[in-house]
Amino acid sequence: MNTYLWLAMAIIFEVFGSSMLKVSNGFKRLFPAIGVIVGMGFAFYFLSIALKTLPLGNAYAIWSGVGTALTTMIGILFWREKINWKKVVGIICIIAGVVVIRLSNPGH
């Protein structure tokens, strides 16, 4: 399987697990709490597979950057969190940072 597909799976499960944190109400609700554990468990498992061939810095930058951007979007779309220019600039900076880190080490 393509390394970036493993990384994408890690990102999806990390975003799912992080989103379940909000629903779990501080781990007071059982099924969302289980969702956190399962989501994060699979996220780290798939990330570990991706790290077999990807450089750590690149993989982690992509994982955390895309995960942060997607989690922010979920907050805006599902939890009605306010979007403002500061959030937009922050997401742009995260994406730009990931691109710069990726370009600094193109080979793997």
Side-chain angles (χ1 to χ4, degrees):
M1 189 177 240
N2 184 332
T3 300
Y4 286 101
L5 189 54
W6 289 118
L7 185 57
M9 294 293 292
I11 292 166
I12 290 167
F13 277 99
E14 190 270 333
V15 169
F16 171 77
S18 295
S19 299
M20 288 294 101
L21 279 171
K22 175 88 171 168
V23 182
S24 76
N25 193 27
F27 275 78
K28 293 178 184 166
R29 297 180 61 207
L30 178 63
F31 291 114
I34 291 170
V36 173
I37 294 165
V38 170
M40 293 302 185
F42 277 113
F44 282 107
Y45 173 71
F46 291 135
L47 180 61
S48 73
I49 293 172
L51 286 173
K52 290 180 180 180
T53 55
L54 287 176
L56 176 62
N58 287 1
Y60 193 76
I62 295 167
W63 185 62
S64 60
V66 174
T68 300
L70 288 176
T71 302
T72 301
M73 295 306 298
I74 287 174
I76 292 165
L77 295 173
F78 292 100
W79 300 111
R80 308 229 194 286
E81 295 175 1
K82 301 294 181 198
I83 188 167
N84 56 43
W85 68 271
K86 291 177 185 178
K87 282 186 182 180
V88 172
V89 169
I91 290 172
I92 290 169
C93 288
I94 290 168
I95 292 169
V98 169
V99 169
V100 169
I101 289 172
R102 177 69 181 109
L103 291 175
S104 71
N105 187 8
H108 58 272

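Numbering starts at 1 and runs along the sequence shown.
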Check: What distance separates Leu7 CG from Ile12 CD1, expressed to the nearest 0.5 Å?
Finding: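 If we round to the nearest 0.5 Å, Leu7:CG and Ile12:CD1 are 10.0 Å apart.
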
Note to self: For Ser24 versus Ala33, what's the shortest heavy-atom pair and its separation?
What the structure shows: CB-N, 3.9 Å

Item checked: Heavy-atom pair with the smallest gap, counting every atom of Ala69 and Ile91 ->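 Nearest heavy atoms, Ala69 then Ile91: CB-CG2, 4.0 Å.
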
Next item on the list: Mind checking ring-ring contact (aromatic ring centres under 6.0 Å, His included) for Phe16 and listing every partner two or more places apart, or none if nothing turns up?
Entry: none

Distance-only check: which donor-acceptor pairs under 3.5 Å involve side-chain atoms of residues 81-89, not counting sequence neighbours?
| residue | atom | partner | partner atom | Å |
| --- | --- | --- | --- | --- |
| Asn84 | OD1 | Lys86 | N | 3.0 |
| Asn84 | OD1 | Lys87 | N | 2.9 |
| Lys87 | NZ | Lys82 | O | 2.7 |

Next item on the list: Sequence neighbours left out, what pairs pass side chain to side chain donor-acceptor pair (under 3.5 Å) with at least one residue falling in residues 90-101?
Entry: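 For residues 90-101: none.
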
Item checked: Any Trp6 side-chain heavy atom under 4.5 Å of Leu54 side chain ->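 With C-beta onward as the side chain, the pair stays apart.
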
Residues forming a side-chain contact (heavy atoms from CB on, under 4.5 Å) with [X], sequence neighbours excluded:
X      : value
Val23  : Met20, Arg29, Pro32, Trp79
Val100 : none
Leu5   : Met1, Asn2
Val15  : Ile11, Ser19, Leu70, Thr71, Ile74

Donor-acceptor list for residues 39-52 side chains, cut-off 3.5 Å, not counting sequence neighbours:
| residue | atom | partner | partner atom | Å |
| --- | --- | --- | --- | --- |
| Ser48 | OG | Tyr45 | O | 2.6 |

